[in-house]
Amino acid sequence: MKRPQLKTSIAMAVGLALSSNAYAEIIISQYVEGGSYNKSLEISNTGDNAISLSGYVLKSKYNGLNEWKNDLDLSSITLDAKSVYVISNSRSSDSILTVTNSTESIVNHNGDETYMLFKDGVEHDRIGIDGDVDWGKDKSFVRADLTPSTTFNASMWLEKPKDNIEGLGKYQEGVTPPPPFACETDSGSSPTFTEINQIQGTGSKSPLVTSGFISEEEYFVQGIVTARGESLLKGFYLQGLNDDFDPNSSEGIFVSTGSAPSQEIQPGAIVCVKAKVQEYYNQTQLKPDTNNYVVQKTESPAKVNKLVINEGETLADALERHEGMKVQLTSHSDLRITRNFSFDYGSKRNNMVLSHGEPLFKPTQLFAAESPEAIALAEENAKRQITIESDNKAANGKVPYFPDFGTDIDQDGSADSYLRLGARIEGLEGVIAYSYGQYRLVASNTITQNNVITQALNDDGSTLFNVERTDKPSIGNETLADTSEDITITSFNVLNYFTSVAIGGDQNPIGQNRGAVNADDFAVQQAKILSALVAIDADIIGLMEVENNGFGENSAINDLTTALNAQFEDEEDHYKYVEIKNKDKYQGEYLGSDAIMVALLYRPSEVKLKGKARVIKTPEQHIAENTITRDNNGTIEFNPAYDKYQRHSLVQEFMVKEAKEPLTVVVNHLKSKGSECIEQWQNFEEDNDPADLQGNCNRFRVSAAKAIGDDLETVKGDILILGDMNAYGMEDPLLTLTDYSQEKYNRDIFTAAYTTLGTDKEGNPLPYEETGSQITQGYGYINLNTHLHGTETFSYTYSGELGNLDHALANESLVERITEIEDWHINAAESNLFEYSPKYTGDMAKYNDMYSASDHDPIVISLEYEKAASFNFFALASLFGFGFLRRKLSKQK
């Protein structure tokens with residue numbers, strides 16, 4: 001499209017006189033934020049002379065964060081007196097492009113970018129608020145005050161609706177703002193105020209909104225400001241002046257102003273508002289026209305109400321009663337951390353989630369998928385949680401309401417200020433809001449470690465939830481009687497222990513780095529893992545997420561083994577790693593074709609290998625493009641190509657003590673819940689959690705469980721299946737390996753379709769199950785955690801719900817040897833800001849302790865073996881050496 005010449009915009013003549021106050025006459029005068037690519041900025045010369053823009057540069061900030069970037073040099077432009085220059089996105093509508101002088105990529109805002117005009121490198125004029133993700137979302141602005149400003153003040157602009165381009169490309173002598181709001185009726189008399197408790201009512205919706213989502217009438221409301229909202233929600237919170245003493249009606253309400261309120265709106269201000277009542281995504285709020293509020297006077301801040309959850313009501317019920325009010329958390333509120341402080345992908349900010357009474361468990365950790373109990377628990381969990389927020393986005397590595405977090409190093413070299421799952425939060429104050437489908441407490445004060453109560457007890461004095469940090473597992477050799485010996489085994493997902501990039505190790509088969517990106521981050525990761533493994537002191541170690549870069553000198557598994565052995569002076573304590581047969585290696589080097597693999601370490605002084613390790617190959621899924629259809633409301637859609645793989649399992653037999661039969665250890669890492677498999681595409685579940693709450697690729701994991709179960713059916717002796725199964729305790733893959741029957745669980749379990757297993761001599765995939773199959777009976781292994789502790793155990797937490805992804809399953813003969821199993825909560829209970837990755841941690845200090853060594857807790861298992869009756873001290877000494885005995889005796893102290 002050819003654009004017409006704009007008479008009001010550019011004067012190309014040379015030698016024009018420049019006014020002495022030219023700096024003050026160049027401003028950003030209009031901002032258009034519209035649908036799709038309808039984006040514009042207008043720059044004006046408000047002076048009486050033409051002005052060259054030499055030295056002027058337009059810069060932007062994404063989300064108003066980090067540094068100014070995307071420089072647009074305006075030096076070639078000269079503006080006539082009282083004229084404008086319009087810069088737009090090249091894909092804007094024709095109506096915008098018609099009045100546009102230049103299309104530039106810098107203009108691509110979505111309500112979150114901030115723009116600044118610089119003159120000779122100095123900030124000159126701004127639109128937008130730093131760190132405010134939605135300051136200009138679905139809004140347009142026209143300049144009312146023509147004075148340049150390096151801060152954004154909403155009173156200097158007239159807010160317009162989304163896609164409003166009225167006046168764009170035409171010089172305007174400032175838009176006349178509406179007259180100041182007066183707290184009076186149209187006739188000039190004092191208004192009758194509607195009480196906030198009347199607006200809130202006693203239900204989830206205001207009785208004044210009789211249809212739709214906003215009231216037909218406007219109401220005058222008076223109250224005292226309890227908090228400002230500048231980012232998460234823009235406006236301010238009012239608390240009523242006249243309490244109705246009805247606990248079922250809230251005395252507080254949010255006033256939505258659409259942008260940060262004027263500076264006179266501060267806690268303690270008495271404000272008059274004229275507004276309609278709005279139900280905005282389940283939050284009752286007041287929606288005034290622009291600036292339809294005024295501060296009348298200032299008093300002492302309003303009292304803070306203690307949040308109480310009454311017997312018989314849910315947390316959601318209690319929060320609805322307090323919607324818009326300022327509250328304080330106390331011991332009687334009994335709100336505990338169920339999702340530690342971390343990044344929330346829903347609201348795209350760092351925050352934390354508390355639950356009432358105790359942390360929340362994943363429904364499928366406790367009950368079979370789609371059972372009435374699982375469905376009921378999912379509904380209950382949704383009503384028992386609240387997100388703890390700061391108004392402005394938290395900076396990376398900072399907890400705004402807990403400024404000491406991650407500081408104050410204790411004598412062991414760990415952070416002395418931290419947050420743990422299950423800890424009760426007391427003394428935190430804030431206002432109750434609702435957004436992104438969640439109740440939120442927007443914090444208004446700060447707390448210290450004294451407000452994080454870790455010694456949480458039941459009324460009878462027993463421990464409600466294991467909150468305290470421990471520097472070693474509670475189980476081990478020293479707990480056993482003198483008439484027995486034990487073997488300790490651990491399973492540990494080490495969160496992508498990669499050496500190829502960080503320290504220049506060998507490459508993995510796909511050349512992909514998932515771990516540390518430099519030597520410093522890797523040093524932290526390694527130190528944390530070593531600290532944990534030394535404390536566990538296991539005789540057999542099953543590992544997941546080790547880089548799959550072979551078994552040579554420069555491999556990750558060799559690096560970890562060497563580093564671990566360096567922690568022990570006595571060679572009796574050293575480890576070796578298990579290597580698979582050459583014929584089982586992918587491309588002659590690797591354990592499978594993924595970038596990560598499972599691995600096994602063992603102490604030769606404690607256990608002996610019986611034969612070579614072998615691999616259990618797991619099913620793959622291969623579907624050619626456009627070979628499967630689905631019906632999308634009458635429209636036939638064809639599938640994309642799918643080639644999905646699973647990590648292979650590792651099997652090793654060990655001879656232990658005087659046992660006659662071997663101990664077979666199988667280490668596994670099944671397909672991720674976050675992957676995408678053909679079932680998700682077929683069920684339109686590519687972008688959301690499947691309805692059965694088991695995550696993506698559930699049937700694919702069942703296929704792997706079936707392959708593992710079938711492979712082990714002929715194995716004799718004790719069998720221990722370890723690892724990250726990516727399935728919670730009562731999900732289909734675990735039921736398949738344990739005690740499933742249709743009669744017991746009233747549930748049908750199926751394997752995946754379109755699977756292959758292994759390859760022929762030419763390397764072509766061999767068909768496995770084209771249509772999938774139904775599991776009729778479980779393989780009979782016993783879930784050791786459930787067997788000894790019940791279903792309420794966890795090694796992992798996701799989205800505020802706890803459960804075991806990491807498991808230890810045993811056959812019946814091995815169960816008789818089990819003395820204890822423990823999920824050692826050094827990782828899942830901690831904030832992931834302590835992990836080695838710097839992604840969301842900024843300049844936060846990192847520690848070489850065991851806490852947050854990974855995102856999964858290690859599982860520690862103790863097996864008991866009888867001592868040989870004929871051996872005495874000296875016989876043992878001659879047989880095993882004094883170093884071995886020294887180690888065993890030191891453990892029994």
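Note that this is a predicted model, so its numbers are computed, not measured. Atom set for the values below is all heavy atoms of this structure, side chains included, hydrogens, waters and symmetry mates excluded.
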> Within a strict 4.5 Å, meaning less than it, do heavy atoms of the S250 and N197 side chains meet?
no
> Show your working on side-chain contact (heavy atoms from CB on, under 4.5 Å) between K306 and S333 and close with a plain yes or no.
CA-CA 8 Å; K306 294 181 179 180; S333 308; 6.0 Å; no
> Check step by step if salt bridge (charged side-chain N to carboxylate O under 4.0 Å, His left out) holds for E830 and R469.
CA-CA 9 Å; E830 297 279 344; R469 278 180 166 178; 2.7 Å; yes
> Taking N164 for the side chain and P161 for the main chain, is one N or O donor matched with an acceptor at less than 3.5 Å?
no
> Do P359 and F794 come close enough that some side-chain heavy atom pair is under 4.5 Å?
no
> Side chain of N305, backbone of V327: donor and acceptor closer than 3.5 Å?
no
> Assess the side chains of T147 and D145: does a donor N or O sit below 3.5 Å from an acceptor N or O?
yes
> Any luck finding a side-chain donor-acceptor pair between S435 and R440 under 3.5 Å?
yes
> Are the side chains of K160 and E166 in touch, meaning some heavy atoms are under 4.5 Å apart?
yes
> Considering residues at least two apart in sequence or located in another chain, which fulfil the side chain to side chain donor-acceptor pair (under 3.5 Å) criterion with K39?
E33, N110
> So which of L441, L232, D344 actually passes side-chain contact (heavy atoms from CB on, under 4.5 Å) with N351?
D344
> Show the numbers, then the answer: is there a side-chain contact (heavy atoms from CB on, under 4.5 Å) between I309 and D334?
CA-CA 8 Å; I309 296 87; D334 199 15; over 6 Å; no
> Do the side chains of L315 and Y439 get nearer than 4.5 Å, heavy atoms only?
no
> When rounded to the nearest 0.5 angstrom, what is the spacing between OG in S331 and CD1 in I453?
8.5 Å
> Restricting to non-hydrogen atoms, name the atom on P301 and the atom on I224 that form the minimum distance, rounded to 0.1 Å.
C-CD1, 4.3 Å
> Any idea which heavy atoms bring G212 and V209 closest together, and the distance?
O-CG1, 3.6 Å
> Could you walk me through whether E218 and K276 pass salt bridge (charged side-chain N to carboxylate O under 4.0 Å, His left out), step by step?
CA-CA 4 Å; E218 290 184 304; K276 290 185 176 182; over 6 Å; no
> Between H109 and V32 (side chain of the first, backbone of the second, donor and acceptor by atom type, cut-off under 3.5 Å), is there such a pair?
yes
> From S60 OG over to I127 CD1, what is the distance, rounded to the nearest 0.5 angstrom?
13.0 Å
> Judged by atom type as modelled, is there a donor-acceptor pair below 3.5 Å linking the side chain of T841 to the main-chain atoms of M844?
no
> Output yes when a side-chain donor or acceptor of S355 lies under 3.5 Å from a complementary backbone atom of E358, and no otherwise.
yes
> Any non-hydrogen side-chain atom of Y219 less than 4.5 Å from a side-chain atom of L208?
yes
> Work out which heavy atom in L360 is nearest to a heavy atom in G800; give both atom names and the distance.
CB-O, 3.5 Å
> Kindly indicate, with the supporting measurements, whether the criterion side-chain contact (heavy atoms from CB on, under 4.5 Å) is fulfilled by E389 and Y401.
CA-CA 9 Å; E389 288 281 12; Y401 42 84; over 6 Å; no
> Are I337 and I388 close enough, and set up right, to give a side-chain contact (heavy atoms from CB on, under 4.5 Å), and what steps lead you there?
CA-CA 10 Å; I337 300 173; I388 308 300; over 6 Å; no
> Any donor and acceptor pair, going by atom type alone, linking the side chain of Q283 with main-chain N or O of Y280 inside 3.5 Å?
no
> Identify the heavy atoms of T257 and Y293 that sit nearest to each other, and give their distance.
CG2-CE2, 3.6 Å
> More than 12 non-hydrogen atoms from neighbouring residues, nucleotides or ligands closer than 6.0 Å to NZ on K274, yes or no?
yes
> Do you know which of L354, I386, L802 makes side-chain contact (heavy atoms from CB on, under 4.5 Å) with T338?
L802
> Is there a side-chain contact between Y840 and F341, using heavy atoms and a 4.5 Å cut-off?
no
> Just checking, any donor-acceptor pair under 3.5 angstrom between side chains of N282 and S204?
no
> Using 4.0 Å as the upper bound for N to carboxylate O, is an ion pair formed by D391 and R349?
no
> Any side-chain hydrogen bond (donor to acceptor under 3.5 Å, both in side chains) involving residues 378-387? Give me the pairs, sequence neighbours left out, ordered by first then second residue.
N381-E801
> What are the two closest non-hydrogen atoms of T446 and P400, and how far apart are they?
CG2-O, 3.7 Å
> Within the side chain of S36, is there an N or O that forms a donor-acceptor pair under 3.5 Å with the backbone of N38?
no
> Using modelled atom types only, decide if a donor and an acceptor are shared between the side chain of N451 and the backbone of E426 within a distance under 3.5 Å.
yes
> Would you find more than 12 non-hydrogen atoms of other residues, nucleotides or ligands less than 6.0 Å from E264 atom CD?
yes
> Hey, are the side chains of Q200 and I253 touching, using non-hydrogen atoms and a 4.5 Å cut-off?
yes
> With no hydrogens and no angle check, just 3.5 Å: does a side-chain donor-acceptor pair link Q328 and E429?
yes
> Work out which heavy atom in D163 is nearest to a heavy atom in G35; give both atom names and the distance.
OD2-N, 3.1 Å
> May I ask you to check whether F236 and F254 place their ring centres under 6.0 Å from each other?
no
> Test of understanding: with ring-ring contact (aromatic ring centres under 6.0 Å, His included), list the residues that count as partners of Y798, not counting sequence neighbours.
none
> Do S29 and E42 meet the criterion of a side-chain donor-acceptor pair at a distance under 3.5 Å?
yes
> Are the side chain of K59 and the backbone N or O of T114 linked by a donor-acceptor pair below 3.5 Å?
no
> Will you find, in the side chains of T284 and E279, an N or O donor that is under 3.5 Å from an N or O acceptor?
yes
> Going by atom types alone, do S44 and T46 pair a side-chain donor with an acceptor below 3.5 Å?
no
> Do K326 and Y237 form a cation-pi contact, if we require the NZ or CZ to be under 6.0 Å from the six-membered ring centre and within 45 degrees of the ring's axis?
no
> Let's go through Q239 and E251 carefully: what are the C-alpha distance in whole Å and the side-chain angles of both, what is the deciding distance for side chain to side chain donor-acceptor pair (under 3.5 Å) to 0.1 Å, and is it a yes or a no?
CA-CA 6 Å; Q239 189 153 308; E251 301 298 328; over 6 Å; no
> Donor-acceptor pair, distance only, cut-off 3.5 Å: does the side chain of R228 make one with the backbone of A260?
no
> Is the F834-F405 ring centre distance short of 6.0 angstrom?
yes
> Going through the distances and angles, do S249 and D244 end up as a side chain to side chain donor-acceptor pair (under 3.5 Å)?
CA-CA 8 Å; S249 62; D244 65 354; 2.7 Å; yes
> Are the side chains of L833 and N340 in contact, using a 4.5 Å heavy-atom criterion?
no
> Take E313 and R321 through the test salt bridge (charged side-chain N to carboxylate O under 4.0 Å, His left out) and record every step on the way to the result.
CA-CA 11 Å; E313 72 173 350; R321 293 190 294 107; 2.7 Å; yes
> Taking atom OG of S799 and atom CZ of R339, what is their separation to the nearest 0.5 Å?
7.0 Å
